[in-house]
A.B. asks: 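Quick one: the structure is below, questions incoming.
The residues of the chain are indexed from 1 along the displayed sequence. Predicted, not measured: the structure shown is a model, and the values here were computed from it. Indexing begins at 1, ligand by ligand and atom by atom, following the structure's order. Side-chain atoms are counted along with the backbone in the values below, which use heavy atoms only and exclude waters and symmetry mates.
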Amino acid sequence: MTDPKQRLDVLRADIERRNPAQPEFHQAVREVLDTLAPVFAARPEYAEAGLVERLVEPERQIIFRVPWTDDRGRVHVNRGYRVEFNSALGPYKGGLRFHPSVDIGVVKFLGFEQIFKNALTGLGIGGGKGGSDFDPHGRSDAEVMRFCQSFMTELYRHIGEHTDVPAGDIGVGGREIGYLFGQYRRITNRWEAGVLTGKGQGWGGSEIRPEATGYGSVLFAGEMLAVKGVSLDGLTAVVSGSGNVALYTVEKLQQLGANPLTCSDSQGYVVDDKGIDLALLRQIKEVERGRVSEYAARRGPSARFVPGGRVWEVPADVAFPSATQNELGADDARALIANGVKAVSEGANMPTTPEAVHLFQAAGVAFGPGKAANAGGVAVSALEMSQNAGRSAWSRDRVEDELAGIMREIHRVAYETAARYDAPGDYVTGANIAGFERVADAMLAQGVI
Ligand code: NDP
Ligand code: 2IT
């Protein structure tokens with residue numbers, strides 16, 4: 001069969017048959033394959049080398065039991081995962097997610113995205129992802145510590161600074177990375193700082209890593225707007241989520257003179273007519289580990305909590321989905337477009353449904369897909385690995401400058417690749433093809449493995 005489009009359709013059907021009940025993985029694969037036909041037409045050697053067939057099959061998938069005891073002495077059993085997807089460009093790299101919705105399909109969707117995102121950073125990192133269906137909400141520090149210790153007691157044998165380097169994602173932040181690192185160090189009797197990223201400053205962590213994903217997502221939006229001759233200064237923004245990515249998205253927006261009006265969690269959203277009070281939000285989320293409804297209760301009359309609602313109904317110039325997958329659907333996109341949104345930058349992984357992406361693109365809204373827009377986090381993780389390898393610690397200014405340069409370069413590559421493949425302004429196509437070409441060329445050179 002020679003027609004590349006037909007060939008990819010057959011492949012896609014085969015992938016869905018061989019990986020049943022993994023809808024998020026199917027969605028992520030479909031979104032990439034839908035943009036690759038022109039590459040296969042231009043580069044027939046990719047098809048001959050079975051590249052897509054190899055790319056969609058993880059190099060290794062690890063599933064393990066994680067038993068732990070709660071504060072009342074009750075035994076719980078969770079499931080742990082690490083999918084080592086592709087190491088053509090470097091050691092597997094990607095976060096760990098602790099959330100009750102985690103299953104093998106979710107981990108595979110995230111790991112698949114990570115391959116292309118990491119390639120786009122240009123920093124020599126392969127793709128992987130992991131996590132557990134453990135729910136940290138409402139658990140004490142001691143319970144989270146025992147869970148992390150049990151998780152690492154199994155995971156440690158599979159990871160290493162030259163092998164596989166996990167980091168944070170939903171439900172995994174600085175506290176969890178600390179407990180995981182401690183247990184790894186204890187079991188292995190090694191000070192191997194580069195085995196995990198997102199560590200605390202003072203014990204191997206990089207400046208700007210906590211900020212990097214949110215900051216990078218705003219910088220990417222700034223680059224897309226600059227192409228249209230628009231600046232972020234003075235614009236209003238809607239941000240979803242209230243975790244790591246959302247908080248630092250709000251911070252960078254405010255630094256650049258924009259006004260973020262919203263944040264959210266799984267129970268609803270807050271809209272604040274005066275703009276988000278970041279100090280109050282951080283106190284509630286980072287210190288008290290509370291809910292956004294408490295923000296509205298404490299902020300005064302400018303803010304209200306909308307239970308069960310979605311931030312996308314609030315009129316704004318730019319939108320930053322920064323919570324979770326498929327949180328922005330077709331109706332949400334229609335509302336944003338009707339309200340005149342100019343750009344959407346995905347801080348989260350795959351937060352926008354395929355139908356919503358098409359609506360944005362058809363309406364001429366600049367749309368930054370997660371594998372480009374949220375790559376700042378993993379990019380600074382790679383810089384943390386460099387610092388660990390050199391036993392050095394770079395200044396805040398240096399890391400922030402590097403992050404800005406990397407985001408500018410990812411934007412340039414995605415933009416120019418889209419133009420080269422006859423899809424001007426289509427960052428989805430540009431990012432998919434540019435990331436794919438880097439991984440594909442490395443796989444071609446390294447033979448059928
Ligand atoms: P956090 O755990 O810090 O925050 C997650 C936020 O999203 C919380 O406000 C949470 O609310 C909300 N959320 C999670 N799941 C759901 C859900 N099913 N429905 C509604 N709200 C939900 O995670 P991060 O900020 O680190 O991650 C957010 C997104 O960004 C994820 O898609 C992640 O993969 C992506 N990402 C993260 C990077 C990082 O460096 N951390 C890098 C690149 C991408 P609640 O507390 O109520 O669950
Ligand atoms: O989705 C992501 O890119 C992350 N969760 C960050 C991964 C990392 O290794 O820093």
A.B. asks: Specify side chain, backbone, both or neither for Arg291, according to which of its non-hydrogen atoms lie closer than 4.0 Å to ligand 1.
C.D. replies: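 Only the side chain of Arg291 comes within reach of ligand 1.
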
A.B. asks: Rounded to the nearest 0.5 Å, what separation is found between the CD atom of Glu24 and the CD1 atom of Ile104?
C.D. replies: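 One gets 12.0 Å once the value is rounded to the nearest 0.5 Å.
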
A.B. asks: Counting from 1, what ligand 1 atoms have a heavy atom of Thr213 closer than 4.0 Å?
C.D. replies: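 Close to Thr213: 38 (C), 39 (C), 40 (O), 42 (C), 43 (C).
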
A.B. asks: Find all atoms of ligand 1 within a distance of less than 4.0 Å from any non-hydrogen atom belonging to Gly171, and give their numbers and elements.
C.D. replies: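 Atoms satisfying the 4.0 Å criterion: 2 (O).
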
A.B. asks: Of the backbone atoms (N, CA, C, O) and the side-chain heavy atoms from C-beta on, which set of Glu327 has a member under 4.0 Å from an atom of ligand 1: side chain, backbone, both, or neither?
C.D. replies: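 It is neither; nothing of Glu327 touches ligand 1.
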
A.B. asks: Taking the six-membered ring for Trp, is the centroid-to-centroid distance between Trp191 and Tyr184 below 6.0 Å?
C.D. replies: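 So the answer is no for these two rings.
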
A.B. asks: Does Glu113 come within less than 4.0 Å of ligand 2, judged by its heavy atoms?
C.D. replies: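 Contact absent.
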
A.B. asks: Pull out every atom of ligand 1 sitting under 4.0 Å from any heavy atom of His137, numbered as shown with elements.
C.D. replies: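 Selected atoms, number and element: 45 (P), 46 (O), 48 (O).
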
A.B. asks: Are any of the N or O atoms of Lys93 closer than 3.5 Å to those of ligand 2?
C.D. replies: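 Between Lys93 and ligand 2 (N or O atoms, distance only) the closest approach is under 3.5 Å.
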
A.B. asks: Which one of Lys117, Lys371, Arg209 has a non-hydrogen atom at the shortest distance from atom 2 (C) of ligand 2?
C.D. replies: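 Residue with the shortest heavy-atom distance to the ligand atom: Lys117.
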
A.B. asks: What atoms of ligand 1 come closer than 4.0 angstrom to any heavy atom of Arg97?
C.D. replies: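 Answer, ordered by atom number: 31 (C), 32 (O), 33 (C), 34 (O).
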
A.B. asks: Considering only heavy atoms, does Arg209 approach ligand 1 within less than 4.0 Å through its side chain, its backbone, both, or neither?
C.D. replies: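 For Arg209, only side-chain atoms sit under 4.0 Å from ligand 1.
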
A.B. asks: With atom 10 (O) of ligand 2 as the reference point, say which of Pro166, Ala382, Gly377, Ser381 has the nearest heavy atom.
C.D. replies: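 Checking each option, the heavy atom nearest atom 10 (O) of ligand 2 is found in Ser381.
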
A.B. asks: Could you tell me whether His76 atom NE2 has more than 12 heavy atoms of other residues or ligands within 6.0 Å of it?
C.D. replies: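 It does: His76 NE2 has more than 12 such atoms within range.
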
A.B. asks: Any idea which part of Asn349 is under 4.0 Å from ligand 2, heavy-atom wise: side chain, backbone, both or neither?
C.D. replies: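 The answer is the side chain.
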
A.B. asks: Enumerate the atoms of ligand 1 whose separation from the nearest heavy atom of Ser322 is less than 4.0 angstrom.
C.D. replies: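 Answer, ordered by atom number: 28 (C), 29 (C).
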
A.B. asks: Ala167 heavy atoms, cut-off 4.0 Å: which ligand 2 atoms fall inside?
C.D. replies: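 Per the distance check, 8 (C), 9 (O), 10 (O).
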
A.B. asks: Please determine whether a side-chain nitrogen of the Lys or Arg among Arg79 and Asp133 lies less than 4.0 Å from a carboxylate oxygen of the Asp or Glu.
C.D. replies: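 Salt bridge: no.
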
A.B. asks: Which atoms of ligand 2 sit under 4.0 Å from any heavy atom of Gly94?
C.D. replies: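 This gives 7 (C), 9 (O) as the contact atoms.
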
A.B. asks: Can you sort out which atoms of ligand 1 are near Ser264, meaning under 4.0 Å from one of its heavy atoms?
C.D. replies: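 Checking each atom against Ser264, I get 9 (O).
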
A.B. asks: Can you find an N/O atom of Gly168 closer than 3.5 Å to an N/O atom of ligand 2?
C.D. replies: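 Among all N and O atoms of Gly168, at least one is under 3.5 Å from an N or O of ligand 2.
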
A.B. asks: For ligand 1, does Gln325 get within less than 4.0 Å through its side chain, its backbone, both, or neither, judged by non-hydrogen atoms?
C.D. replies: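 No part of Gln325 comes within reach of ligand 1.
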
A.B. asks: Regarding Ser240 and Ser264, is there a side-chain donor-to-acceptor distance under 3.5 Å anywhere?
C.D. replies: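 Ser264 and Ser240 do not have a side-chain donor-acceptor pair below 3.5 Å.
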
A.B. asks: Quick one: nearest non-hydrogen protein atom to atom 22 (C) of ligand 1, plus distance?
C.D. replies: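 Closest protein heavy atom to atom 22 (C) of ligand 1: Thr324 CG2, 4.1 Å.
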
A.B. asks: Report the nearest protein non-hydrogen atom to atom 13 (N) of ligand 1: residue, atom name, distance rounded to 0.1 Å.
C.D. replies: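 Looking only at protein heavy atoms, the one closest to atom 13 (N) of ligand 1 is Ala323 CB, 4.2 Å.
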
A.B. asks: Check each atom of ligand 1 against the heavy atoms of Gly347 and keep those under 4.0 Å away; list them by number with element.
C.D. replies: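 Listed by number with element, the hits are 30 (O), 35 (C), 36 (N), 44 (C).
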
